[in-house]
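Side-chain atoms are counted along with the backbone in the values below, which use heavy atoms only and exclude waters and symmetry mates. Lettering follows sequence order; numbering is per chain, from 1.
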There are 2 protein chains.
Amino acid sequence: MNIDANHCSVEDALGILVGKWKPIILLHLMEKGTVRFSDLKRSIPGITQKMLTKHLRELESEEIIDRVVYPEVPPRVEYSISEYGRTLEDLLHAMHEWGQAHTKRKQQKLQENLKT
Amino acid sequence: MNIDANHCSVEDALGILVGKWKPIILLHLMEKGTVRFSDLKRSIPGITQKMLTKHLRELESEEIIDRVVYPEVPPRVEYSISEYGRTLEDLLHAMHEWGQAHTKRKQQKLQENLKT
DNA sequence: CTGCATCCGATTAGATACTG
DNA sequence: CAGTATCTAATCGGATGCAG
């Protein structure tokens, strides 16, 4: 893990994942397989159409997800994790594990402080 | 890896790492051990005092790094990765690996496109 | 149903000057 | 040397209206 102040590879990975709803979008797609736009929107309370579209476009442009448009009326668009996108699964899983442990630890510290 | 739309653990981990200079700060501390403020600043071209201070404070408040102030004149403050912070090393390493592979892949795709 | 455009507020980061 | 305060620019995200 060499350090290059001009360019850090960690940030390349971070760049894909950063965005208010990106992790949750990826987790949904990884869990459910192929999901259409409206289902995704329904599954993520609080997200706006604009942000869902924006994040999906970004993930698509990085080839993390596949986007298939069915020329029907009304339109149907289905999203899924691409084969390449699956290479992110281990990383997301590791982040999930660490994050969960971190939150747990924080709450324990909080409990300790309340006792005193 | 369960999905909770109201709270995603991946974002807890992300929250620690996100910030324009945070990954590079962590990598420097992980590589060099104990480093004083001015050395850190010198090692990271482009960072301002304000941002370095801000990010260090945030990492400190999450107990990822230790901060030791020596009451001397001129002042000396040394930063290092905390014992708890070391639990992030594997994750950062994994992100580095993925990011590096991702950038490599992107550049290969670019080369292919130039040939056509 | 899916998606774009526009406007606006909030957050983030950079520049600069100042302090013990 | 290490840190704070202030001002400004850029980016991000939310709300809303419109379109194929």
Side-chain angles (χ1 to χ4, degrees), chain A residues 5-8 10-26 28-29 32-62 64-80, chain B residues 5-8 10-12 14-26 28-29 32-62 65-80:
Chain A
N6 298 313
H7 185 72
C8 163
V10 172
E11 282 161 19
D12 296 340
L14 230 37
I16 305 289
L17 269 10
V18 169
K20 184 161 178 187
W21 310 91
K22 272 191 194 156
I24 199 90
I25 289 172
L26 288 172
H28 269 100
L29 290 177
K32 298 179 184 167
T34 299
V35 187
R36 58 187 298 183
F37 186 88
S38 52
D39 288 337
L40 216 37
K41 176 148 172 27
R42 234 187 321 275
S43 306
I44 307 176
I47 196 170
T48 59
Q49 275 180 346
K50 175 191 165 186
M51 290 311 295
L52 182 52
T53 302
K54 182 169 177 278
H55 284 160
L56 287 170
R57 286 289 178 287
E58 289 168 2
L59 291 168
E60 187 196 0
S61 80
E62 295 288 351
I64 305 296
I65 63 175
D66 290 324
R67 174 174 183 262
V68 180
V69 180
Y70 294 88
E72 307 170 353
V73 179
R76 178 162 57 109
V77 181
E78 290 185 343
Y79 294 91
S80 56
Chain B
N6 298 314
H7 184 73
C8 162
V10 172
E11 282 161 18
D12 296 339
L14 230 37
I16 305 289
L17 269 11
V18 169
K20 184 161 179 187
W21 310 91
K22 272 191 197 157
I24 200 90
I25 289 172
L26 288 172
H28 269 99
L29 290 177
K32 297 179 184 167
T34 300
V35 187
R36 56 190 297 185
F37 186 89
S38 52
D39 289 336
L40 216 39
K41 175 150 173 27
R42 236 188 320 276
S43 305
I44 307 176
I47 197 171
T48 59
Q49 275 182 343
K50 176 189 162 184
M51 290 311 294
L52 182 52
T53 301
K54 181 168 178 278
H55 284 159
L56 286 170
R57 288 287 180 287
E58 288 168 4
L59 292 168
E60 188 197 359
S61 81
E62 295 288 352
I65 63 176
D66 289 325
R67 175 174 183 262
V68 180
V69 180
Y70 295 88
E72 305 169 355
V73 179
R76 178 161 57 106
V77 180
E78 290 186 344
Y79 293 92
S80 56

So which protein N/O to nucleotides 4-11 of chain D N/O distances come out below 3.5 Å?
none

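- In this structure, the side chain of K41(B) engages the main chain of I47(B) through a donor-acceptor pair within 3.5 Å.
- When distances are taken from the side chain of W21(B) to each of dT2(C), dG14(D), dG14(C), the shortest belongs to dG14(C).
- Of the residues near DNA chain D, P75(B) and K54(A), the one whose nearest nucleotide (by heavy atom distance) lies more toward the 5' end is P75(B).
- Rounded to an integer number of Å, the gap from NZ of K41(A) to P of dC4(C) is 15 Å.
- With respect to E58(A) and K22(A), a salt bridge is recorded, a charged nitrogen being found less than 4.0 Å from a carboxylate O.
- Regarding L14(B), its CG atom lies at a distance of 13 Å from the P atom of dT12(C), rounded to whole Å.
- Within the structure, every side-chain polar atom (N or O) of T48(B) is placed at least 4.0 Å from both OP1 and OP2 of dT16(C).
- Rounded to an integer number of Å, the gap from CG of L40(A) to P of dT2(C) is 10 Å.
- Between dG13(D), dG3(D), dG14(C), one nucleotide has an atom nearer to the side chain of K20(A) than all others, and that is dG13(D).
- D39(B) has a carboxylate O that lies under 4.0 Å from a charged side-chain N of R42(B), or vice versa, which qualifies the two as a salt bridge.
- At least one side-chain nitrogen or oxygen of R36(A) sits closer than 4.0 Å to the OP1 or OP2 atom of dT2(C).
- Here the nucleotide nearest the side chain of Y79(A), chosen from dG3(D), dG3(C), dG14(D), is dG3(C).
- Distances shorter than 4.0 Å separate some side-chain N or O of R67(A) from OP1 or OP2 on dG3(C).
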